[in-house]
There are 2 protein chains.
Amino acid sequence: MARTARDQEERIRERNRRLILKAGIDVFSRKGFDGTRIAEIAEKSGLPKANVYYYFSSKEEIYTAIVAHLIESWDDALKPITAESEPADAFRNYVRAKLEYTRRNAAESRLFASEIIHGARFLKKKDREHMRQVTDRHVEVVDGWIAAGKMMPTDARHLFIMLWAATQFYSDFEPLACDALRKSRLKAEDYEKAAETVIETLLCGILPKA
Amino acid sequence: MARTARDQEERIRERNRRLILKAGIDVFSRKGFDGTRIAEIAEKSGLPKANVYYYFSSKEEIYTAIVAHLIESWDDALKPITAESEPADAFRNYVRAKLEYTRRNAAESRLFASEIIHGARFLKKKDREHMRQVTDRHVEVVDGWIAAGKMMPTDARHLFIMLWAATQFYSDFEPLACDALRKSRLKAEDYEKAAETVIETLLCGILPKA
DNA sequence: GTCTATAGGTAGATAGAC
DNA sequence: GTCTATCTACCTATAGAC
């Protein structure tokens, strides 16, 4: 009986934390850290403001919890780059997975972009180091492909920056992407066309083969 | 005599407005719109806070003045794309000019990026329309090159998004670029290497020529 | 665990003397 | 045109009853 009651409380805690984080992603991504009001996060999550402070001791704590969580989530999207795969397949899958992920998690993506643009004030050293190491591993794989003659010699680090930039753009800078495409909103098919263009350009370039 | 005095006042006005806008770019780009304090802009420009309000009636007015101005400035960087030039030369020049511009105006670039990420709240309709038209003209040129067999068939709009994304990234997301390149700060030579990688990939792709 | 009320501090904007 | 003092509003965070 005591057992059940405690479980019940634990479930409520878990649920409320989730509600707060979800609302936080929404508000932080639209207003930025300083523009965000705890009152709005409270409202969005259906809790009184004081309850938000019961679960998180400060605005910063909510924010950093969100940032730390989304960095973890990215590791999945980056898995296609392994030494066993062929470069063309690996990059195709990478670009598709990354675009699909940012499309489905546009708010998180924007929140992170804003955090970086404003100097990565709240990005934990540990998380940055993790990202650096993931990049290092991918660079090694690409350098291996180049050494094996499977790819043209290229700077792998700049190559990954290019792919990251191109795939993030559609969600992070959606108003610009909409303007450039002359659409009022981006749909799944626009992301599909984006993937095609990025992949085709990346693999073959734009000059005629002649 | 009255003439000289008025000119003198006009010069002072011009100078102070400039000082405020310059300080504004610095602070807004680091802290975002809501994170920025007028007191800090005043301090940076060497004026008392009340004087800032003498020249601009609100925080928003300073901010929108900055945004409107930097959109104009970009037109120059985009000039290399004209129908008379060859695609390879045009893109080479475009990428170089754009990277050079963002490197030299990193703060403005970040300010604009932050504005877009947070929904382009303060971007004037007129300015957006101007940007759309510039894109349209460039798309026409590229489509012409494709029709003339000077380029592989590609979606020109997505192609420009890709170039814009890749060239903005180094200044806008400098902390990420530094991490990816394993450098503590970006120098001119890093932008040079970026230009090479982007141009080479764009023109020829990464697959071996067989 | 939940919630009302409020303390405490800060920042945008203005009044008004010089 | 310049600047000090201040008004007003709002927001983070907490106290303390239930």
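Values below: every heavy atom of this structure, side chains too, minus hydrogens, waters and symmetry copies. Numbers restart at 1 for each chain; the letters A, B, ... are given by sequence-line order, proteins then strands.
- A tilted orientation is assigned to the rings of A:Tyr170 and B:His158, their planes being inclined by 30° to 60°.
- With salt bridges taken as basic N to acidic carboxylate O contacts below 4.0 Å, none links B:Lys44 and B:Glu40.
- Note: CD1 (B:Ile38) to P (C:dA13) measures 6 Å, nearest angstrom.
- Regarding B:Tyr63, its OH atom lies at a distance of 15 Å from the P atom of C:dA13, rounded to whole Å.
- Dashed line: the shortest gap from a side-chain N or O of B:Asn51 to OP1 or OP2 of D:dT4 is not under 4.0 Å.
- Take the nearest nucleotide of DNA chain D for A:Arg37 and for B:Pro48: the residue whose nucleotide is more 5' is B:Pro48.
- None of A:Arg110, A:Arg30, A:Arg185 except one satisfies the salt bridge (Lys or Arg N to Asp or Glu O under 4.0 Å) rule with A:Glu174; the exception is A:Arg110.
- One atom, OH of A:Tyr54, and another, P of D:dA17, lie 18 Å apart when rounded to the nearest Å.
- Judged by distance alone, the side chain of A:His69 and the main-chain N or O of A:Ala65 form no donor-acceptor pair under 3.5 Å.
- Nearest nucleotide to the A:Glu9 side chain, out of C:dG1, C:dT2, D:dT12: C:dG1.
- B:Lys49 has its NZ atom 9 Å from the P atom of C:dA11, to the nearest Å.
- Rounded to a whole Å, the CD atom of A:Gln8 is 12 Å from the C1' atom of C:dG1.
- No engagement by A:Leu47 is indicated, since no non-hydrogen atom pair under 4.0 Å with the nucleic acid exists.
- If you take CD of B:Glu61 and P of C:dT14, they are 11 Å apart, rounded to a whole angstrom.
- For the pair B:Ile20 CD1 and C:dA13 P, the interatomic distance rounds to 14 Å; values are reported in whole Å.
- Using bins of under 30°, 30° to 60° and over 60° for the plane-to-plane angle, the ring pair B:Phe122/B:Tyr63 lands in the perpendicular bin.
- Residue order along DNA chain C, read from the 5' end via each residue's closest nucleotide, puts B:Tyr53 first among B:Ala50 and B:Tyr53.
- Atom-to-atom, CG of B:Asn16 to P of D:dG1 comes out at 9 Å; the value is rounded to the nearest Å.
- Look at B:Tyr55 and you'll find a side-chain N or O under 4.0 angstrom from OP1 or OP2 of D:dT2.
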